[in-house]
Amino acid sequence: MKLKISSIFLLVAVVALSAFTTIKPVSYTVDAAKSTITWIGKKVTGSHNGTINLQSGSLNVDGKKVTGGTFTIDMNSIKDADGSAKLEGHLKADDFFGVAKFPTSTFVITKVVGAGANVTVAGNLTIKGITKPLSFPATVAVNADGTVSALAGKITVDRTKYDIRYGSKSFFDSIGDKAIDDNFEIAVKLVAKK
């Protein structure tokens, strides 16, 4: 009987201690040189696409699961795939991203839902000083070489939520075939290491 009581006491003590022991997620630094962000904006008469650089970022990883992260995007780095300096200048102007006043945008992960590699990432996107919630599907992997890779192939952003109204039918009824879609898409490929 004494042995049974001692065993039960020991089991309760172990459970109680493990409840107070938390493993802190490990922070991985995003390798900006190996990571890419591409964008596409559509209009009635066609589309434009290009790239923008990640300035910095980090992912919080608990075991094999991403639990958080913070990313800073260099808005001055926006490039048009066709090399149009005119378009790049317009995208940097106040009509669009206003990079003189807002040189960076940020995304902060608040929640990652799902098991395995396929997850839904939720967070807060800040563009032009305006923060709005955003969620999207992503694939995340903790690799054998100790890096973490994440891929989000289609993130849809409603630019009008960030006071980017230029060419929007939502605000200018008579714009006709000069209209630009309110939504633009970005695709993100991240590589991060300890």
Side-chain angles (χ1 to χ4, degrees), residues 14-42 47 49-75 77-78 96-97 102-164 168 170 181-194:
V14 168
V15 169
L17 282 174
S18 66
F20 292 108
T21 305
T22 57
I23 299 172
K24 193 174 182 181
V26 176
S27 181
Y28 284 68
T29 301
V30 174
D31 186 338
K34 292 183 179 176
S35 301
T36 59
I37 303 173
T38 58
W39 59 267
I40 184 166
K42 297 177 182 175
S47 65
N49 66 294
T51 60
I52 191 163
N53 295 338
L54 188 67
Q55 182 173 303
S56 62
S58 64
L59 286 171
N60 300 328
V61 181
D62 189 352
K64 292 193 177 249
K65 184 175 178 176
V66 172
T67 58
T70 303
F71 310 93
T72 302
I73 301 158
D74 177 5
M75 298 307 292
S77 70
I78 195 162
F96 281 94
F97 296 105
F102 304 101
T104 61
S105 292
T106 59
F107 181 70
V108 178
I109 297 173
T110 57
K111 191 175 189 180
V112 179
V113 179
N118 296 314
V119 297
T120 298
V121 177
N124 293 313
L125 177 63
T126 302
I127 298 174
K128 293 182 77 171
I130 300 167
T131 303
K132 297 289 180 183
L134 180 70
S135 64
F136 51 87
T139 304
V140 179
V142 178
N143 305 309
D145 66 358
T147 62
V148 173
S149 57
L151 177 64
K154 185 178 176 182
I155 303 169
T156 302
V157 179
D158 181 348
R159 66 187 174 95
T160 63
K161 291 182 178 181
Y162 302 92
D163 199 29
I164 304 170
S168 169
S170 300
D181 285 359
D182 288 348
N183 293 330
F184 66 92
E185 296 172 10
I186 55 177
V188 179
K189 177 186 167 192
L190 299 175
V191 177
K193 56 189 177 184
K194 286 184 189 178

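In what follows, residues are counted from 1 in the order of the sequence shown.
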Requested in this report: Could you tell me whether the side chain of Glu185 reaches within less than 4.5 Å of the side chain of Ile155, counting heavy atoms only?
Outcome: no
Report summary line: dist Thr139:OG1 -> Asn118:CG (nearest 0.5 Å) comes out at 4.5 Å
Query - Separation between CD1 of Ile130 and NZ of Lys161, rounded to the nearest 0.5 Å - result: 12.0 Å
Query raised in the report: Do Met75 and Pro103 have side chains that get closer than 4.5 Å, going by heavy atoms?
Result: no
**Report entry** Straight-line distance of Leu134 CG to Ile127 CD1, nearest 0.5 Å
**Finding:** 8.5 Å
Query raised in the report: Do the non-hydrogen side-chain atoms of Ser47 and Ile40 ever get within less than 4.5 Å of each other?
Result: yes
Query raised in the report: Donor-acceptor pair, Arg159 side chain versus Asn183 backbone, under 3.5 Å?
Result: no
Query raised in the report: So do the side chains of Leu54 and Val30 get within less than 4.5 Å of each other, counting heavy atoms only?
Result: yes
Query raised in the report: Would a distance-only check, ignoring hydrogens and angles, find a side-chain to backbone donor-acceptor pair under 3.5 Å from Lys128 to Phe96?
Result: yes
Query raised in the report: Is there a donor-acceptor contact under 3.5 Å from the side chain of Trp39 to the main chain of Thr51?
Result: yes
Query raised in the report: Hey, is the main chain of Asp145 close enough, under 3.5 Å, to the side chain of Asn143 for a donor-acceptor pair?
Result: no
Requested in this report: Report, as yes or no, whether the 6.0 Å neighbourhood of atom NZ on Lys189 holds more than 12 heavy atoms from other residues, nucleotides or ligands.
Outcome: no
Query raised in the report: Got a donor-acceptor contact below 3.5 angstrom from the Ser77 side chain to the Asn53 backbone?
Result: yes
Query - Val142 vs Val66 side-chain heavy atoms within contact, under 4.5 Å - result: no
Report summary line: One should read off an interatomic distance between Leu59 CG and Lys194 NZ, to the nearest 0.5 angstrom, of 13.0 Å
Query raised in the report: Passes side-chain contact (heavy atoms from CB on, under 4.5 Å), Thr70 versus Thr106? Steps please.
Result: CA-CA 7 Å; Thr70 303; Thr106 59; 5.6 Å; no
Report task. Say whether, by atom type as modelled, one donor and one acceptor occur between the side chain of Ser35 and the main chain of Val191 under 3.5 angstrom. Result -> yes
Query raised in the report: At what distance, to the nearest 0.5 angstrom, does OG1 of Thr36 lie from CD1 of Ile186?
Result: 11.0 Å
Query raised in the report: Below 4.5 Å, heavy atoms only, C-beta onward: do Tyr162 and Lys132 meet side chain to side chain?
Result: yes
Requested in this report: Evaluate the side-chain contact (heavy atoms from CB on, under 4.5 Å) criterion for residues Ile109 and Asn60: first the C-alpha distance (whole Å), next the side-chain angles of each, then the deciding distance (0.1 Å), finally the verdict.
Outcome: CA-CA 9 Å; Ile109 297 173; Asn60 300 328; over 6 Å; no
Query raised in the report: Got a second to check how far Asn124's CG is from Thr110's OG1, nearest 0.5 Å?
Result: 5.5 Å
**Report entry** Thr104/Gln55 under side-chain contact (heavy atoms from CB on, under 4.5 Å): CA gap, chis, key distance, verdict
**Finding:** CA-CA 8 Å; Thr104 61; Gln55 182 173 303; 3.6 Å; yes
**Report entry** Shortest non-hydrogen separation from Ala138 to Ala152 and the atoms involved
**Finding:** CB-CB, 4.3 Å
Report task. Using the six-membered ring wherever Trp is involved, compare the ring planes of Phe107 and Phe71 and label them parallel, tilted or perpendicular (cut-offs 30° and 60°). Result -> parallel
**Report entry** Step-by-step side-chain contact (heavy atoms from CB on, under 4.5 Å) determination, Phe136 to Thr120
**Finding:** CA-CA 6 Å; Phe136 51 87; Thr120 298; over 6 Å; no
